[in-house]
Amino acid sequence: MAERLVETKGIGKNFGISPALVDVSLTLAPGECLGLVGHNGAGKSTLMNILTGIFPPSSGAFSLNGRLQDAGYNVRAANSRGVWAVFQELSLCLNLTVAENLRVFHPEFRGWGWRKRAGDAITAILDEIFPGHGIRPNQRVETLNLGRRQVVEIAKAFAAGDGLGLLILDEPTSALDYHTARQLIDHLNRIKGGSIGIIYISHILDEVLACTDRIVVMKDGRISGEVASRDATRDRLIELMGSKSASAGEARGGDRQSRDLSGRPLLISPRRPEEKGGLRLTLREGEVVGLAGLAGHGQTDLLIELFDWRRNPDYRIEGPLTFIPGDRQRDGNFPLWSIIKNLTILVYPRVRRYRIIDLSLERSVSGRWRDSIGIRAASLGDNILSLSGGNQQKVLFARCLESAAKAILMDDPTRGVDVGTKEIIYRLIREERDRGRSFVWYTTEMDELKHCDRVYVFRNGSMVAEIPGTEATEEAVLRSSF
Amino acid sequence: MKRILLSILVAALAVGVASSGEKKWRIVLSNDYAGNSWRQSMISDWKTAAEMAIKAGIIEEAPIFTTNESSAAEQAAQLQSLILEGYDAIVLNAASPEALNSVVQDALDAGIVVVSFDNAITLPTAWRLITDFEYMGRRQVEYVAQRFPQGGNILEIRGLAGTYVNDAIHRGIVETLAKYPQFKVVGEVHGDWTSSVAQKAVAGILPSLPEITAVLTQGGDGYGAVKAFEASGRKIPLVLMGNRYDEMEIWKEMLDKTGYDTISLSIAPGASTIAFWEAIEVLNGKDVPKEIRLLPYVIDTHAKLERDLKNTPKGGVASIVYTQDWVQKMIANVKAGLPPPPDPE
Amino acid sequence: MVRPLDSRKEGLARYTETLVPAISLLVVLLPIVYKQPNLISPDRYYATLTMTLAFGIPIVLASLGQMLAMSIGEIDFAMENLVSLVTCVMGAVMFKDPLLGTAFLIGILAVYMLIGAFIHLKKLPSIIITIGMSFIWTGLAITIQPTPGGSMPAAVNAAMRLRPPWIPYPIVLAVLLALIGHFLMFKTNFGILARGVGDNVKSIQQAGHSAIRVRIMVFGLVGLFGILSGVALGGLTTSADPLLAKNYTLLSVAAVVLGGGTFAGGKVSAVGAVFGALAMHLVVHLLVVLKISTDWQAGVKGFIILLALYIGGFFKRAGKIRYI
């Protein structure tokens, strides 16, 4: 075993003329867990794409186990040299079963009885890392919710077994609930010090602090700092990331006062009185209601049910409503359309003149949002996918806020979004709330519950507790979740 | 292997055939296409004849089944279904002259009378009314040669590529033209027997053509050809017509205006009624030759033109509903080696 | 601790997936059986079923080919032209010169594989390429067999007329083909990769698999099933005809969709496609049995297909998931 599992020397990468990575040098020893943090667009994913062979660097070089990687380095070569990655945008084929996905990525599962062997292998890994996962190997991935898909994605990387040398986890917990994320972090802590080197990328700094040995901070394509995890603090990291919202720490809990909304009209109310074993949701004008609990316990199902507001059998709903989906790649974006078209799709009657879409009106609406929430795009006419994930999410928010919807349903809208963007989203929600707009907000981040007036906690498909926002602490939610 | 199949089939259908001795006949028309005026006339003529026969107590029913867009594979499946339904006779306008042979043989083996007409099949064990399509080509060239003994340039409009009829008419034209070397075919387009297609095709090729003396057609395409020449501002050559209403009408118009003359010929859609009565003859145990040749119906006098124009509905084709008497006479004539009797009025 | 919330839904989904195409088939089949009880009578079922289903086999084969194309999100719009061409190759070439005929068929396979490569390399939609190919196939067919005719090799005729004991031959073939198709799509590495490419090419490539290889193989198999369909159709009709398989393209697409396949996302079912193909085939019989007036037949045919799709889909009702 080489002393250095990974060593990059002066790696740079340009997309067109804009540099995404500049002179990045870092090392990783076997058994070490390295945290990598930074804003969206800081270059973390670019660096990981180079390490996993998705594209080559424009300049510089890197070596694995002391062996310099040549021009022919690609994903296959990376895998065969023990490099496996779990990316935020999942790489699973939804129409295949869990076992079939394993086979796609691990050619050793072939020959007679591979289905059983692959199924046993993934089940063993799942049982070890995520006990109680409830995933069966012959289940098609599309029947799993986002959180379980992410769990499969993680397990898939571990299925390399002894062949696993370097494991890259890029936002592995973004779709996981607190409990499952904790299981992963515990597992990482268990295998630390073994033979596997781990690079852990996350926006959730507490997780990074909890499971890494060392943290590298990136900013604008460069390494802006490096600290040992035991010496680091949240604020220190945020400072190194150079965020404008370095004061985020202060803002925490700052909004925590209860507001009396009892006089406001009801937007959502149950048609029938509450049933045994499950609460019913109510929503008043100008109210922010949070949905919490372990991921995948019915929060998204409720949002989808509410979204069918015109003929809802269970709730009386004052529409219209809009929806910010959790999986923006699949359900939120129109991937072939420009930023402008994506932003104005809900309000197209308002950007028309003589019933024909007016390009200049579209542009002015989009331009207003770009300025107010800082959508970072070269041109608003560019394709939506040219934006980073956080900026795509801003466009989705702008789309819904521009609409006439009285209430906005949000399915974990800050998943995989950087701290700066999150702060903008929180600000928008506060402003809109004060203007009388309401929100139903499913979040997997305990921190975000403090922005809510009331919080419903889910367990096994139904709401089991209602907590005032002022009391919605991590502890209180967890108590109700189990 | 085939014998086993046959015996099974015969056994399977024996009951239906045996019990049909006393009852009225059930006859069916299996048709491959209904999407043009000729076929529509054919269908309505068939219905007319069927009504006559039902009133006369000869048959019980005579439904029509049409496949989508002339699909031979579909028609084969349809025929199998008709066999199983136990019809006494199947009259067939086939999507393919060859592809249905094996299924038709199955039907014959099951004791079902099969009469094919228009697009006839090649199976010699079935009764076949064969239109002399070569004659259609031959007659056209002979007429042109008689009108223009000095010769000239010819444009040929063909039918749907890859079909038997298209090939047969073309063959008749080519073989006869060989006898008249003073004519030269300077262009050839596919009009698919459809006026609009022919007009587009002719308009497309016209600019590259020298002066045209005559346009040989296959029916349904004459009107489009005249319109294409008209639009190009060129002198309208001799265009052979195909008995469609629009073709007869434009001929009449030009005849009245400029004395323009031509002939019009096509197989009469009423051929379906010849096949209908022939099937009944066979069912009644008469000896009917397996192969009977039908000549196309030619409008070569102005009197005929006037009459057919009057009798044909707009958008239809000049046609004749043949009677049982006429068909019986025709069969007798054929057996005696005589030409067919004159068309009924 | 965490109850698998999806398990019930998922079990139901799997159950309906095979059921839906079967129901669609029953929608078409039951009225036929009602009107023609011979189909289930112990003495006659063999002969009547053989006859009723025989011409379904080439449609089943063409539909399996189309299913393969649709599994990677492509479509073969030249299916009917290919099938017709193959009958011409069999009738005009294979009959006289088996070597040349075989070479011809291998050539067709090679062209299909090239189409797969071309679609990958040029990122062109298959619909464009295959519509172009449809003219080429028909042109070739008319060249080698200008008018219908020709004779099939005796072996082909015999192969389509086998009479196994008890179970009618078309049913034996349909079951066999459903099993082969299912094995190919769901039990082999190739099938997994093909469906994977249909859903998420990028991740298949990132897993180190060659997407171009998958596409070449898929289109090679599309060609192979098309060829088999042509051979079967030629054997049944004992003739070659450049327009013989008219409508097969749309029939095969409809069969795949009726069988639960989708145009994108790599979702296909071989068993469903076989059911769907037989249903599409039986519609012709249903029209005869129902004695629809000839003026209405085309419309009623469309209506029956929609009805079969609707009644099948009625049992599916995947839930009311909508997104903005």
Side-chain angles (χ1 to χ4, degrees), chain B residues 1-2 4-5 7-13 15-16 28-31 34-35 40 43 46-47 61 63-86 94-103 105-106 122 160-168, chain C residues 32 35-36 38-39 43-44 46-48 50-52 54-56 58-59 80 83-84 87 91 138-139 141-142 145-150 157-158 161-163 233-234 236-248 251 281-282 284-289 291-295 297-298 301:
Chain B
M1 193 56 67
K2 189 146 189 173
I4 301 172
L5 162 74
S7 55
I8 293 168
L9 278 173
V10 171
L13 297 151
V15 177
V28 62
L29 170 59
S30 170
N31 173 38
Q40 288 298 329
I43 288 170
W46 170 275
K47 285 180 180 162
E61 56 169 349
I64 305 165
F65 293 101
T66 306
T67 64
N68 269 9
E69 297 190 37
S70 196
S71 161
E74 187 180 330
Q75 198 172 18
Q78 187 194 71
L79 283 174
Q80 297 207 312
S81 194
L82 296 174
I83 295 171
L84 293 172
E85 277 288 286
S96 163
E98 291 273 346
L100 302 173
N101 285 357
S102 68
V103 187
Q105 188 60 54
D106 290 349
T122 55
L160 195 63
T163 56
Y164 168 77
V165 174
N166 164 51
D167 235 54
Chain C
I32 300 180
K35 290 275 196 173
Q36 281 185 349
N38 279 351
L39 284 169
D43 320 326
R44 311 246 184 85
Y46 190 95
T48 42
T50 303
M51 245 190 167
T52 306
F55 276 88
I59 299 181
E80 63 189 53
V83 174
S84 303
T87 68
T138 299
I142 291 179
Q145 182 75 41
T147 52
N157 291 340
R161 280 175 178 65
L162 289 178
R163 294 294 172 256
L233 187 58
L236 283 171
T237 59
T238 65
S239 82
D241 183 333
L243 302 172
L244 188 53
K246 247 188 193 166
N247 291 347
Y248 265 36
L251 276 179
H281 163 70
L282 284 173
V284 178
H285 288 265
L286 186 55
L287 286 180
V288 168
V289 166
K291 281 207 191 124
I292 308 295
S293 151
T294 187
D295 305 328
Q297 278 166 15
K301 184 176 181 181

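Quick note on labels: first sequence line is chain A, next is B, and so on, each numbered from 1.
- Using a 4.5 Å cut-off between heavy atoms, C/Ile292 contacts chain B through its backbone alone, with no side-chain atom that close.
- For chain C, the option among B/Ser71, B/Pro63, B/Ala34 with the highest count of heavy-atom pairs below 4.5 Å is B/Ser71.
- When heavy atoms are compared at a cutoff of 4.5 Å, B/Leu29 does not approach chain C at all.
- No side-chain heavy atom of C/Asn38 sits under 4.5 Å from any side-chain heavy atom of B/Leu84.
- With chain B as the partner, the residue from C/Ser239, C/Ser293, C/Ala245, C/Pro242 showing the most heavy-atom pairs under 4.5 Å is C/Ser239.
- Only the backbone of C/Leu236 comes within less than 4.5 Å of a heavy atom in chain B; its side chain stays farther off.
- The one candidate from C/Thr237, C/Asp241, C/Leu243 that meets the side chain to side chain contact (heavy atoms under 4.5 Å, CB included) condition with B/Ser96 is C/Asp241.
- Only the side chain of C/Ile142 comes within contact range of chain B, judged by heavy atoms closer than 4.5 Å.
- Note: B/Leu100 CG to C/Leu244 CG = 8.5 Å, rounded to the nearest 0.5 Å.
- Taking every heavy atom of both residues into account, C/Phe55 and B/Ala76 meet most closely at CZ-CB, 3.2 Å.
- Remark: of the listed residues C/Gln36, C/His285, C/Lys291, C/Gln36 is the sole one forming a side-chain hydrogen bond (donor to acceptor under 3.5 Å, both in side chains) with B/Glu85.
- Contact check for B/Glu74 versus C/Lys301: side-chain heavy atoms found under the 4.5 Å cut-off.
- Scanning all heavy atoms of the two residues, the minimum distance from C/Leu287 to B/Phe65 falls at O-CE2, 3.4 Å.
- For C/Asn157, no part sits under 4.5 Å from any heavy atom of chain B, backbone or side chain.
- No part of B/Gln75 comes within reach of chain C, as not one of its non-hydrogen atoms sits under 4.5 angstrom from that chain.
- Looking at B/Ala99, both its backbone and its side chain come within 4.5 Å of chain C, counting heavy atoms on both sides.
- Proximity of a side-chain donor or acceptor of C/Gln297 to a complementary backbone N or O of B/Ile64 within less than 3.5 Å is detected.
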